Each structure stands twice: as structure tokens, then as C-alpha cells.
Amino acid sequence: MRGLIRVLIFLTIIWSAYWFVAGYGLRSAVTSWFDKQQQLGWQADFSDVGTAGYPTHHMTRLDNPALADPVNGTAWSADWIEFQSPAIWPGRQVLRFADTPQRLSYFDETATIQASELQAELQLQPGVALELEKMALTAGPWTISREDETSAAGDTLGLIMAQSETPEIYAVTATIDGFTPGEDLRGLMRTAASLPQSFETLELDMTVTFDKPWDRSALEQRRPQPVAIDLGLAEVKWGELRLFATGELNVDEQGIPTGEIAVKAENWRDMIAMANAAGALPDQAVDPVTRALKLLAGLGGNPNSLDLQLNFRDGFVALGPLPLGPAPRLILR
């Protein structure tokens with residue numbers, strides 16, 4: 001019995017020593033990153049740092065963190081931020097944000113973000129490369145406001161990027177429940193006044209193949225670039241408006257996509273009116289576009305529903321027979 005007690009005491013001492021050494025290393029890594037940003041000319045401050053979680057976790061908390069890049073004019077601040085990981089493997093990090101307001105600025109424009117249980121999760125494979133297994137951003141009820149007016153809000157937020165059995169392929173999903181546009185956005189789309197306050201559905205499900213896995217080289221060298229996109233489903237439901245999209249794209253080294261995306265739009269006339277009110281569709285284009293889409297909808301048998309295809313060819317994109325212009329470059333900087 002005494003031998004067992006000695007073994008337990010010995011293991012406790014070894015584990016405690018490991019916990020404190022690893023905790024000090026994680027804490028130093030976080031504070032050193034802030035120091036490095038200051039050397040690069042950033043504002044990178046915090047008022048206090050603490051470590052907790054013994055014996056099963058490491059939790060490093062920064063009070064009053066503030067970051068500002070004077071080059072591009074962006075800045076962020078919060079009451080606190082917390083890094084949490086299992087003590088046995090720091091490659092599974094959870095970044096927790098304060099429930100109190102956070103401020104995100106771009107030059108003289110400032111947005112206030114407030115979210116319940118907002119956290120980012122990062123899972124890395126053990127090894128020198130630190131290959132990404134999963135990255136996620138989740139939250140409960142959230143709001144984004146400017147000058148005390150709500151710009152957007154939602155009941156939940158879920159963004160997930162998870163590695164498949166093939167290291168270069170990642171499944172990407174996004175879901176926002178109860179997305180509610182603010183009065184500014186609704187005012188921009190004047191015809192949206194009769195629509196419900198919140199979206200019924202706002203979802204994205206796709207698989208992206210990159211030219212290499214996501215690992216530490218994405219920060220030290222270059223970002224992995226998409227070479228193929230399989231859009232399983234993108235779905236938007238807002239009152240009587242319905243929009244669905246699915247399809248596949250291949251992306252070349254210049255970021256130019258080639259392929260087709262099938263699009264189904266219900267109550268498409270309201271969408272044209274909203275695009276015109278928002279300035280995305282010029283007044284002189286409304287009648288020609290409406291006549292062309294009316295003809296296409298009639299061919300499908302339902303005048304209120306459009307089944308079209310976004311065609312990406314030779315660096316350009318067209319909606320059915322209607323040319324839209326140059327295709328967007330899909331390059332991650």
C-alpha cells in the first residue's frame with residue numbers, strides 16, 4: 001500500500017511539473033506573439049494575463065486585449081479572451097470570447113459585436129507540420145451594431161471546416177439560424193419591407209479541395225489555394241423568397257473558376273426589384289433582364305420559379321444566356 005502511495009505521489013509530482021512547464025510555455029507563446037506584433041508597429045496590448053485549469057487543462061486568459069494595425073486601419077478590442085486546451089495536447093485549442101461587447105474598427109468605422117458563447121475551435125494533428133483537422137466558429141445569440149443601431153443579428157452561428165480522409169479535401173459548412181438584417185440593410189432593399197424580420201434558412205454545405213493541406217506553412221509560407229469546389233447546397237429562405245444553388249467548379253492556378261452552378265429561384269421578380277433598389281442592378285437593365293428571365297421561367301412551366309445555370313467559362317460568368325461579366329478570382333491571400 002505504501003508503495004502504491006509513493007507511486008501516486010511520484011506521478012503527481014511529474015504531472016504537476018509538466019503542467020506548470022507546459023502552461024508557462026503556452027503563456028509565453030501568447031505574450032510573445034503580442035510582443036512581436038508591437039515590434040511590427042502594431043498596437044498589441046493587454047492589462048493582465050493568468051493561467052488556470054490545473055490539472056486537466058491549460059487556460060490562458062488575457063484581460064482587456066487590444067490589437068490595431070496602422071497599415072490597413074483595422075482594430076479590435078474586448079474585455080477578455082481565453083485560450084483553453086487539454087493539458088495532454090495543446091494542439092486542440094478553444095478560443096473563448098467575452099459575452100460583453102467587442103469592438104471591430106476599420107479606420108473611422110466601428111462595429112460593436114456582442115455574442116453569447118462565442119468561441120473558435122482549432123484541432124491540429126500531432127507532428128511538426130501541425131496539420132489542420134478541424135476549425136470551427138460557433139455562437140449563441142449574436143448582434144452586430146453600429147452607432148447603437150443593429151446592422152445584423154442571429155439566434156445561432158456555426159461555421160465549420162473539417163478535414164476528410166484525403167488531407168487536401170475539407171468539408172465546409174455554415175449555418176445561421178434566425179438571421180435578421182438590420183434596418184439599414186432592409187432600407188437599402190426597399191422592397192424587403194413586407195418580408196419577415198428573420199430568414200427561415202441560411203445554410204451552406206460544400207467540399208473544397210486545396211492544392212495542399214492546411215498546416216503551419218499556411219502562415220509561414222503561403223495559403224493553400226482551392227483547386228476544386230463541390231457545392232452540395234447553398235440555401236436561402238426569406239419569406240416567399242427562395243434561392244437554392246448546387247454544382248461543381250474547377251479552379252486553375254490563376255484562381256479562375258470553370259464549371260456550372262445550378263440555381264433555382266422562387267419569386268424571382270422580387271429579387272430583381274431588391275437588386276435594383278440596392279444598386280446592384282441599374283435601372284436601364286431592369287426591363288431587359290425581367291423580359292429575358294420571364295421567357296426562361298415560362299419555358300420551365302412555372303412563371304414564378306427560375307431554373308438557371310451559372311456558367312463559368314474562359315474567365316467569364318453568365319447566368320443562363322445572360323453574360324454577367326468577368327468571373328471572380330478565387331485566391332486566398
Side-chain angles (χ1 to χ4, degrees), residues 76 78-79 96-106 109-120 136-161 172-206 231-246 261-283 286 289-290 293 297 302-308 310 319:
W76 167 83
D79 287 344
R96 303 184 190 280
F97 295 86
D99 290 343
T100 52
Q102 304 174 56
R103 287 169 177 79
L104 183 63
S105 301
Y106 181 69
E109 295 288 333
T110 299
T112 301
I113 303 170
Q114 187 161 6
S116 173
E117 299 178 353
L118 175 61
Q119 67 178 39
L137 179 67
T138 59
W142 57 272
T143 60
I144 300 175
S145 58
R146 293 183 180 181
E147 298 179 354
D148 297 328
E149 292 187 2
T150 300
S151 300
D155 295 334
T156 64
L157 171 67
L159 306 174
I160 300 175
M161 177 176 166
V172 180
T173 59
T175 304
I176 302 177
D177 292 330
F179 176 74
T180 304
E183 292 303 320
D184 287 346
L185 181 58
R186 295 179 69 94
L188 185 64
M189 300 178 295
R190 293 186 293 271
T191 56
S194 60
L195 291 169
Q197 286 293 111
S198 302
F199 283 53
E200 298 173 40
T201 305
L202 191 57
E203 296 181 357
L204 173 68
D205 184 359
M206 66 180 180
L231 178 59
L233 179 65
E235 182 177 3
V236 177
K237 292 183 180 178
W238 190 17
E240 297 299 320
L241 302 182
R242 303 285 192 275
L243 186 64
F244 308 87
T246 183
I261 300 293
V263 178
K264 181 175 182 179
E266 298 179 2
N267 293 300
W268 54 272
R269 289 180 177 83
D270 289 341
M271 296 181 187
I272 290 179
M274 291 171 63
N276 175 243
L281 186 66
D283 292 341
V286 171
V289 169
T290 301
L293 294 183
N302 184 350
N304 292 321
S305 178
L306 269 176
D307 289 285
L308 295 175
L310 279 172
L319 180 62

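All of these numbers come straight from a predicted model, not from anything done at the bench.
Looking only at side-chain heavy atoms (C-beta outward), Phe97 and Gln102 come within less than 4.5 Å of each other. Two residues are said to be in side-chain contact when any heavy atoms from C-beta on lie closer than 4.5 Å; Asp155 and Pro141 fail this criterion. Residues Ser145 and Ser151 have side chains not in contact (no heavy-atom distance under 4.5 Å, counting atoms from C-beta outward). Using a 4.5 Å heavy-atom threshold, the side chains of Gln119 and Glu117 count as separate. At least one side-chain heavy atom of Leu137 sits under 4.5 Å from a side-chain heavy atom of Leu118. Trp238 is not listed as a side-chain neighbour of Glu200, based on a closest heavy-atom distance of 4.5 Å or more.
Nearest heavy-atom pair, Thr112 versus Pro101, reported as atom, atom and distance to 0.1 Å: CG2-CB, 3.6 Å. Across every non-hydrogen atom of Ala98 and Asp79, the tightest pair is CB-CB, 4.4 Å. Closest approach of Pro181 and Gln197 over heavy atoms only: CD-O, 3.4 Å. The minimum heavy-atom distance linking Leu159 with Ala174 is given by the pair CD2-CB, 3.4 Å. A pairwise comparison of heavy atoms in Gly232 and Thr246 identifies O-OG1, 2.9 Å as the closest pair.
Distance alone, capped at 3.5 Å, is enough to place a donor-acceptor pair between the Asn267 side chain and the Glu240 backbone.
Distance check, rounded to the nearest 0.5 Å: CG of Leu243 to OG1 of Thr201 gives 12.0 Å. Atoms CD and CZ, on Glu109 and Arg146 in that order, are 5.5 Å from each other to the nearest 0.5 Å. The distance from atom NZ of Lys237 to atom CG of Leu202, rounded to the nearest 0.5 Å, is 12.0 Å.
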Exercise for review: Dump the intermediate steps for side-chain contact (heavy atoms from CB on, under 4.5 Å) on Ile261 and Leu231, then the final yes or no.
Suggested key: CA-CA 8 Å; Ile261 300 293; Leu231 178 59; 4.2 Å; yes
Point to revise | Working for side-chain contact (heavy atoms from CB on, under 4.5 Å), residues Leu306 and Glu266 | key: CA-CA 6 Å; Leu306 269 176; Glu266 298 179 2; over 6 Å; no
Practice item. Could you walk me through whether Leu104 and Ile144 pass the side-chain contact (heavy atoms from CB on, under 4.5 Å) test, one step at a time? Key: CA-CA 10 Å; Leu104 183 63; Ile144 300 175; over 6 Å; no
Exercise for review: Go through the steps to decide whether Leu233 and Leu204 satisfy the test side-chain contact (heavy atoms from CB on, under 4.5 Å), and finish with yes or no.
Suggested key: CA-CA 6 Å; Leu233 179 65; Leu204 173 68; over 6 Å; no
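If you check the side chains of Asp205 and Thr173, you find no donor sitting under 3.5 Å from an acceptor. The closest side-chain donor-acceptor pair between Thr180 and Ser198 falls under 3.5 angstrom. Side chains of Trp142 and Gln114: a donor-acceptor N/O pair is absent below 3.5 angstrom, by distance only.
For Phe179, the ring-ring contact (aromatic ring centres under 6.0 Å, His included) partners at least two apart in sequence or on another chain are Phe199.
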